[in-house]
Amino acid sequence: MVYLRQIESRIDQGIGRRRLGYIVLGLIILFFLWFPNDTSQSNYAKTVFISGFFYAIMSSSWALLAGIAGQFSFGHMAFMGIGAYVAGLIARDGIMFATLGIAITPESFSAIGSIIIGTLVAGLVGLVIGWLLLRLRAAYLALFTIAFSELFRIMMLTEYDYTGGSNGLSLRPLLQIADVDTARQVEYYLMFALLIVCLLVMHWVANSPIGLFLRAMREDEDAASALGVNVVRYKILIFVFTSMIVGLAGAIFYSDVGSERIIPEQLEVLQMSLIIAYAVIGGMESLIGAAAGAFISRYMLEAMREVVISLPFGLTTADGGDAFVWETGAWRFALFGVVMVFTLRYMRNGLLYPFITWFSGRDLAMKETVSKRDGDGDDIVEPMGADDE
Amino acid sequence: MKRRAIFICLIALLAVLPMGIAQADGHCEFADYTITIGGLAPLSAPGAVAGGVAMDWAFNQAADDINADCGVAIDGVNYMLDVVTGDSEGSPERGQAVTERLIQEDGVDAMVGVYHSAVGLATMGMLEANQIPTVFSEPWNDNVSANGILEYDGQPPRFEDGIDHVFRISPASSMVGSVVVDWLLSLGVDDVVMIVENTDYGQPAAADEAARFEAAGATVSKIDVELGTEDFVPILSRIQARAEAPDVIRILVTGETSFNLTQQMSELGIAPSEDTICVTNQFAFQSDQYWATVPDGNYCAFNRVGIIPSLFSDAAVELNAKYEEAWGDIIPSFAMASYDAVHILKDSMERAGSYSDAAAIVGAIEAVDIELSQGRYYFDYGSHNPDLPEGTPAFMWHQWPDPIVTVMQYYETGQSGLEAAVVYPEVYQTHGTGYIVPGTSP
Amino acid sequence: MSDINLELNKISMRFGGNQAVDHVSFSVTKPELIGLIGPNGAGKTTLTNVLSGMLKPSSGTIYLNGKRIDGHPAYDVTRAGLGRTFQITRALGRMTVMENMMVPGLALKPNARKADLEARAQEILGMLTIEHLTHELSRALSGGQRKLLELGRLLMLEPSVIILDEPFAGVHPRLQETIYKYIFRVHEDGKAIILISHDMGAVFELSQRLLVLHNGALKERSGCNRRLPRP
Amino acid sequence: MVIQDTLFVLWLMVAGPLWAVLGLFVLPNVNRGRKNEDLIPDTTLKIAGVIGGFALGPVGLGLFYFEPLLIRRTTLTIGVVLTVFVSSQVMVRVVDPHFPSAIWLFLAGPLWAALAAYFIPRHYRDEEADDQNVLTAAALGGFAIGPLIFGLMWKTTPKINRDWMIILGSLGAWQIYLLFAIQNPTNPCVQAPFSVTYLTQQTANGVVIGCIYSLMAVGLTLIYSVQGIVSFAHGQLYMVGGYFSFYFLLHAGNLLSELTGTEVQVNPIWGIPVAAVIVFLMGAIFERIFLKPMHDGLIERISEYAILITFGFGFVIEYTTLAVAGPFPQRTDRFIEIRRFTLERAQITDDFAFGPINIIGDRAFAMVVGIILIFALLYFLQRTWTGRALRATSQDRQAAAVTGINPTNMNTLSFGMGSMLAAMSGAALIPIFAWVPWVGAEMVGRSYVIVVLGGLGSVPGALVGGIVVGIVEALGAGCHPDPSRGAAYKEAFALVIFALVLLLKPTGLFGREQH
């Protein structure tokens, strides 16, 4: 009976903490809602937040694709680019079916229309790529998606007659507000709303039966298939879904909301690797974690640009300067990489995992598991690591 | 336990981030207010880091030199000058964000900078809207600082009256192209191969030069390459397989990619050779880097912006010495221009009698007449002289008309860029010849 | 539950030059316990994989309850009513036991009420004596418990034919009892069971019919007495 | 220069027959020490020795000697390539360049390929025929000969072996060639009288650079074969190898100059072992700390972890190098003082001349270094105890462990050696290319193409793959119908091959079949 009561109190604690967690989450959202009204903050801070929201969408959707569904794609940025480029090209050139003699002029597309078409095309390409990727696993999948995104980038760069090359392509502006200050405020709320909506939709997917199937496939595709999960359908579905999300985010962000033009350099492997690093640091298997990881990492990278570590500690050089001066600006990516590697090795669920588990009360559940297993020592251990086939 | 240890390490790392700020010498009396100038340069990838680092150095060197000379003197008060450099990463999006930060958080009074034209194009609107007097020292695209951007990706112009606050002291790419093309045409060239990087620098420059060549009746074939390509042998073999060797190979590629290309070209014996002239770009002027990576590149010609070495003023020689001390190579033109840009702003603020009155400063810049490391600076067209004559391109608005563009040529392996021969225009010729044939000495 | 009809017709499977399964034909038409035995490398696992849709047979046809299932993906085969376990357990490690049970439940009946499925899962877990572990991550389970979980997952599929690949390997004797009981229970429910095991004793003891694979070919089939379950 | 050119021609004239004769006598030794059922007929070996020695010189002999399985395919390939080459030369001259088939080729090729890839394997299964490789063959065939492939494979349903693939693949390549020819008749690839010389020149370019590419790819494949992971830090290890060589040469040169009082230049060849040792240690230490836990069962989802952790490792290396060495391009002195080897123009008949063919001196040297190192590696893997242990581990970890091999050490050794090979190719290339901290990015992409094409885990596959990729890039850039875009798409050609191989035949040319 004592044992039972302990469990009950733990569950109570868990519920209490979860409530606290929701409160904290609510406070964070409130902060973001209030932030643009803080007159002491400059537009720059809003700009940084806007791009922070964008990268949070990128990272959390990658977390859904790679962390939850186990599809290790490096093509995420390319899908974003497809959304943005298609929206831009449609708004500039319209659609031509030369052979059929049909031409839809650019005028028939509003900014919103072109964004929708960009999103749909990103989803369509996601469908094709997802279908092609069915046969490939892990390293092969990563390599194929790298090849795909590089091909796309080279094409955008080389066919400058159509895409503007490295000058970039400007999309039709989504918001046309003359007053700079209000404009930034509207853009801020638009991007924030997009982030929240994306997170909610992705959260809903991750916690629906589809999310359950995706996680089952991630754990063991063959076993999931043997349990009746239509692995083909869900694999393609998740590709289409995340491609559409990033395509939408890209098309909106580059419609003069976050940036005025999309350039092919944005599609380089480096940019993709940053997205991955954000997700890893925040927690690959948690949507909120990845989003927060992107936001915090970007802020840290930005902050480290300016930081100079000087260690006087009584040591001075001959002319009275500091003995050791270290400007982190040049080293910040190296340090970022070190943080990423150590996070992967020692905190696989991301640096934010302890907070998330604490608030969800999952750490208590884990203690229970350990105690239950201890009392249940009926095990004949099977050989580790052997493969079925 | 391990996790906790790592956590503590991370927190400790964050805790040890105090700021160190350099203190200036004490022989001048400075006012409390420090004039801040924002710099914009690519300091990390994917931007051209090497260029950005040199520009950043030049900004800070200019500020140091000005402060050592008691700063900016406005109405008898000496103000210290500080340059805050923002990292554009070569991307328009970042460039905009950083410009916004410089304007709003650092409260800059004026701006200098930009290396990449795409960044220049993207930030101009913001500079105009915030009324920041700006001197660009390196973007080449014709559209930068033009009087009203009429055609801008088919979009209507955002500022009907033009970009009034932005000045440029770097040449527009058509100004550079015309010199090189005139030189080559004067040598009787009629078969041109251009190797062009597919970027905002290469493509417009190539289009402009090609149009000039074609207008003069020469045939032009253009080859696009991607930046970062290392092996050019297949494409060079293709040039070599032509029935007749081209008269000239013009390289419009930047950075290490151009060095690889030039070296492989000379290793294969395509150019410079008796049949074919090799013309590369201003990157070859940094002779230490050039000879380290292009050991066979003797007799290559290159266009250079900025005053020719033999006419270097004392200020230019001194600046070059400082640069060589810091980086071990000859100063690139954009570092010189960046240095001058800060000085132009300083001078204009002193004449305007204000560091904050944008209209007054812009007026002062328009009226600038000052001798600096690159020569005498002045602006022909601006609000003081708003009517561009027929045939004058729109970009001449707020454009320094006189960046000296020369064609230089090496004639000894390992030669310093300062000693290379100036072959064009004739007024600047140092060795009395318009072209040094490979294998000979002037 | 009596309309079981699994029919293999000249199933062959080649890997390069290696004939892993060689024209195997048999059929299962009533709820019975069938033992499938053979030495290592005889093709038992390959045959299982072909049957369950993990591999496409090189030739031959398989019909289950009138539907052709050879070459169909595993999830189609599963939906047609054939479930299997794996030689080495394949619990979905970082999912709880209940989630493990819900995957097949929801996959087969996407429109069922969640509470109903959960109740059904709880019932099955109770039968397998692991109901107290419902909310544990399955990687925290012992090897034997994971085996039980796999057996439980199968029942969520409500299959008509079940293939058990080495159900007794590496399992504590106490849990083996539970597995025996499970097999009898399932058999009584009117499902056919194909039992693959190295443990000849157990197979002889349980099966009503015996299939012997040798070098990929089905060499002989002989009936076998079924003993009464041990108490 | 004149003397060297003559020597080069002499080498070409003498060496082909010389290697052929050597092959005639050496190759039959392959049978020594083989069991009876593995014996290869002596005649086959002799023919292979002659053809391989003549066409590929020491490369061919080495390849055949260590991998006799390659003999059939390679000799067949050489034969088909020669036939296709000659016939296409004829075709292009006979067929009207504006033959309307351009559109047909462009649209119909992929269409028929898709149709064939969909229907033919099904047909094979229905006919109960062996459907191995049918997918690839059908796709290639559909592309190469359009609907004819249905006639060919539907009625007869032949067993598809490598010969089919090679023939159909060559036909496909020939189609692309024809397409290029029709698109741009002034293309130097098709235009007489430069075509032969030009194609030889481009092929030579491809082979030379391909051998250098291979060295790096071999490291990747070695790591994969033992550990089953793809290292995403490979490009950065290659880059840092070059930098280690650079700094070593700089400091060693300065030191020696100070000691001797004269200007001393250290030949960059000495940078290779130095870079090798340092990077071997780097790789081995990284493996011990970050990859070992993976094999100890401490990490879930091994393959994803491996991708991320090696990726992070590369990230750290790249930006540390950038912070230390700066973004300025560097390069060391050259290996040899010969700028280029030239085979001079020779007038063979009145209207047909061959030459000149140019090969850059340092590249030829780097190619030789690369080939020597690859064969040294093959020797190490095949003939030494450690090498055999490594191979044993790659084939069956548990069995290897039982026989007294410590798999943990083998893992460390393989990662160290793989990294070392990347560093060695970096050190071998820094005299050839201008070096910047992001130089690895382009190269590593190509290595992935090579290893996937050759088959992940196969060392000879990496060599062949490297040469194929080198040739494809050279011919792609050299023969692209639009001369202005050819070079910009150079990288893309390899990526297209890569995507096709992954989709049609993920095991690559020589990869182990999995089931």
Side-chain angles (χ1 to χ4, degrees), chain A residues 3-4 7 11 14 67-68 70 134 207-235 284-285 348-349 361-362 364-389, chain C residues 45-46 49 52-55 73-79 82-96 99-100 102-110 114 132-133 135-147 150 153-154 156-157 159 165 169-175:
Chain A
Y3 179 69
L4 267 181
I7 290 180
I11 290 171
I68 292 178
L134 283 175
N207 287 290
S208 70
I210 297 174
L212 191 71
F213 298 153
L214 290 175
R215 283 191 294 147
M217 281 157 56
R218 171 191 73 188
E219 293 300 311
D220 189 330
E221 204 176 311
D222 288 340
S225 182
L227 291 173
V229 176
N230 189 336
V231 287
V232 172
R233 183 199 294 166
Y234 292 114
K235 227 172 166 178
M284 255 175 72
E285 288 166 23
R348 270 220 76 198
N349 291 310
R362 241 179 272 163
L364 299 169
M366 263 182 228
K367 274 181 205 146
E368 273 175 62
T369 307
V370 172
S371 64
K372 267 189 207 170
R373 273 206 65 177
D374 287 346
D376 217 9
D378 62 337
D379 211 354
I380 296 173
V381 180
E382 45 182 316
M384 288 285 290
D387 224 1
D388 197 25
E389 279 151 55
Chain C
T45 303
T46 309
N49 286 342
S52 62
M54 312 285 263
L55 291 174
Y75 49 85
D76 270 2
V77 175
T78 307
R79 281 150 193 246
L82 187 143
R84 70 167 292 190
T85 65
F86 293 89
Q87 188 170 358
I88 289 158
T89 50
R90 285 186 155 182
L92 307 171
R94 279 172 306 163
M95 298 169 75
T96 65
E99 283 172 335
N100 264 278
M102 292 301 278
V103 167
L106 285 167
L108 270 265
K109 296 178 183 161
K114 222 178 157 195
H132 60 296
L133 297 170
H135 295 295
E136 302 309 323
L137 291 186
S138 64
R139 69 169 169 193
L141 267 51
S142 72
Q145 289 168 337
R146 255 181 270 172
K147 209 118 207 173
E150 256 198 357
R153 277 191 327 206
L154 264 189
M156 292 298 288
L157 292 168
D165 199 348
V171 176
H172 191 275
R174 206 175 71 215
L175 293 183

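Every chain is numbered from 1, with letters handed out A, B, ... down the list of sequences.
When every heavy atom of Arg94(C) is checked against every heavy atom of Arg215(A), the shortest pair comes out as O-NH1, 4.3 Å. Across all non-hydrogen atoms, the minimal contact from Ala226(A) to Leu157(C) is O-CD1, 3.9 Å.
Among Leu108(C), Thr78(C), Leu154(C), the residue making the largest number of heavy-atom pairs under 4.5 Å with chain A is Thr78(C). Contact tally against chain C (heavy-atom pairs below 4.5 Å) for Asn230(A), Leu212(A), Val232(A): the top residue is Asn230(A).
Residues satisfying the side-chain contact (heavy atoms from CB on, under 4.5 Å) criterion with Ala216(A), sequence neighbours excluded, are Ala224(A), Leu92(C), Met95(C), Val103(C).
A distance of 10.5 Å separates CZ in Arg84(C) from CG in Leu227(A), rounded to the nearest 0.5 Å. The distance from the CZ atom of Phe213(A) to the OH atom of Tyr75(C) is 13.0 Å, given to the nearest 0.5 Å.
Proximity to chain A involves both the backbone and the side chain of Met102(C), based on heavy atoms less than 4.5 angstrom apart.
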